[in-house]
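See structure below.
Note that the structure is predicted; figures quoted are calculated from it, not measured. In what follows, every chain begins at residue 1, and chains take the letters A, B, ... in the order their sequences are listed.
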There are 2 protein chains.
Amino acid sequence: MEDETFDETSEGSSVGAAQRVFHALSSAPRRKILAYLSASGLTAGEIADRFNMSKPAVSQHLSILETAGLIRREKQGQFVHYSLIENNLVNTLNGFVQEVCPVGRPIKKESQARARAKESP
Amino acid sequence: MEDETFDETSEGSSVGAAQRVFHALSSAPRRKILAYLSASGLTAGEIADRFNMSKPAVSQHLSILETAGLIRREKQGQFVHYSLIENNLVNTLNGFVQEVCPVGRPIKKESQARARAKESP
DNA sequence: AAGGTAATTAGGTAATTGCTTAATTAACGA
DNA sequence: TCGTTAATTAAGCAATTACCTAATTACCTT
């Protein structure tokens, strides 16, 4: 059993990757940050400017997203540049859906339906 | 703009569907419940038996999952039968991934890869 | 109607979250 | 080297969460 997705109730080890990802996604500001980064990489300051929230607060959100493996941090001079790592998000969510809705059926169909809807409006 | 996914920062109305789903998923016990229900419907008691947690605690988790539209509650005599609603989960997660990783590309590919992996081991 | 079981609601508490402001670290430019 | 800007770390606080036990509601059986 190479599960890991649901075993994080057991107190044995640290928090588990899936738990980190789902926790990261449970916050509206953090999802909003992901959405911003999906368009282009941004510095911490540029991200903070888009929120009614102190810079340190945004910085914490960024660190949670980074720990979850959803974004990447790159120091460039005095700026810190953040960008999206799509893979972990897609793998985790998809893995979970596969677990809960056995076989790829539902999400594949939905995904295709949505793709069609976007192509032909 | 019929977004709604990221607008829940605005204090206008109540909590927003996506927020409820993501919050519901941020808890390991709740994800575990969904996994149990993916195999078959269960009564509240049968679910509680699978956890080292009081019945009322499990009941709360069930109510959060129900409010998020992820599970369905059906009273059958003195028992309460719970079962999965796949649609909301799939729609929300997929919608979010579409938002963050534009066009259906990544999750569709991943989904297919995983489906293949399960079919031919 | 009485007693038993299933489940939820109510009330309380310790731990965690999500922010704030102040202090610190690091890099740039004159 | 000094002042400025970018970003994080630190410290503190109000509000929320996640659980518990006790009480309640609903239904079934006799």
Checklist line | Distance in Å, Ser27(A) OG paired with His23(B) NE2, rounded so as to fall on 0.5 Å steps | finding: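 Answer for the OG-NE2 pair, Ser27(A) versus His23(B), is 11.5 Å.
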Check: Of all heavy-atom pairs between Ser38(B) and Val100(A), which one has the smallest distance, and what is that distance?
Finding: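 Shortest heavy-atom contact: CB-O, 2.8 Å.
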Check: Can you tell me if the side-chain N/O atoms of Ser54(A) get under 4.0 Å from OP1 or OP2 in dT21(C)?
Finding: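 So the side chain of Ser54(A) is outside the cut-off, no N or O lying under 4.0 Å from OP1 or OP2 of dT21(C).
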Notebook entry, point to check: Looking at Arg73(B), does any N or O in its side chain come under 4.0 Å of the phosphate oxygens OP1/OP2 on dA7(C)?
Noted result: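 Indeed not, no polar side-chain atom of Arg73(B) lies that close.
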Notebook entry, point to check: Just the endpoints, please: which first and last nucleotides of DNA chain D, 5' to 3', lie under 4.0 Å from a heavy atom of chain A?
Noted result: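 The contacted stretch runs from dT5(D) to dT9(D).
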Note to self: Between Arg73(B) and Leu62(B), is there a side-chain heavy-atom distance shorter than 4.5 Å?
What the structure shows: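 SC-SC contact between Leu62(B) and Arg73(B) ruled out.
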From [atom1] of [X] over to [atom2] of [N], roughly how many Å is that when rounded to an integer?
X: Leu65(B); N: dA7(C); atom1: CG; atom2: P; answer: 16 Å
X: Gln76(B); N: dT8(C); atom1: CD; atom2: P; answer: 13 Å
X: Asp49(B); N: dT5(C); atom1: CG; atom2: P; answer: 14 Å
X: Gln60(B); N: dT9(C); atom1: CD; atom2: P; answer: 9 Å
X: His81(B); N: dA7(C); atom1: NE2; atom2: P; answer: 11 Å
X: His61(B); N: dT9(C); atom1: NE2; atom2: C1'; answer: 16 Å

Check: Start at the 5' end of DNA chain D and walk down; is the nucleotide closest to Gln78(A) or to Ser63(A) reached first?
Finding: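 On the 5' side of the pair lies Gln78(A).
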Item checked: Given DNA chain D, 5'-ward residue of the pair Ile64(B) and Pro56(B), judged by closest heavy atom ->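 Here Ile64(B) is the residue nearer the 5' end.
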Check: DNA chain C: Leu62(B) or Ser27(A), which has the more 5' nearest nucleotide?
Finding: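 Upstream on the strand: Leu62(B).
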Margin query: Nearest heavy atom decides the nucleotide; on that basis, is Thr43(B) or Ser26(A) closer to the 5' end of DNA chain C?
Written below: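 Its nucleotide being nearer the 5' end, the pick is Thr43(B).
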Notebook entry, point to check: When the C1' atoms of the five terminal pairs at each end define the local axes, what inter-axis angle does the helix from dA1(C)-dT30(D) to dA30(C)-dT1(D) show, to 10 degrees?
Noted result: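 So the angle between the two local helix axes works out to 20°.
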Is it the case that the side chain of [X] and the backbone of [Y] share a donor-acceptor pair, with hydrogens and angles ignored and the cut-off at 3.5 Å?
X: Arg72(A); Y: Leu84(A); result: yes
X: Thr92(A); Y: Asn88(A); result: yes
X: Gln60(B); Y: Lys55(B); result: no
X: Arg31(B); Y: Leu25(B); result: yes

Next item on the list: Mark yes or no: Arg50(A) above the aromatic ring of Tyr36(A), with NZ or CZ under 6.0 Å from the six-membered ring centre and no more than 45 degrees from the axis.
Entry: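 Geometry flag: set, cation within 6.0 Å and 45°.
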Check: Considering only side-chain heavy atoms of Ala57(A), which listed nucleotide, dT8(C), dG18(C), dT20(C), is closest?
Finding: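 Closest nucleotide among those given: dT20(C).
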Notebook entry, point to check: With ring centroids as reference points, do Phe22(B) and Phe22(A) lie under 6.0 angstrom apart?
Noted result: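 Not close enough - the centres of the two rings lie 6.0 Å or further apart.
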Note to self: So Ala44(A), base contact, sugar-phosphate only, or nothing? Heavy-atom distance under 4.0 Å.
What the structure shows: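 Sugar-phosphate, no base atom in range.
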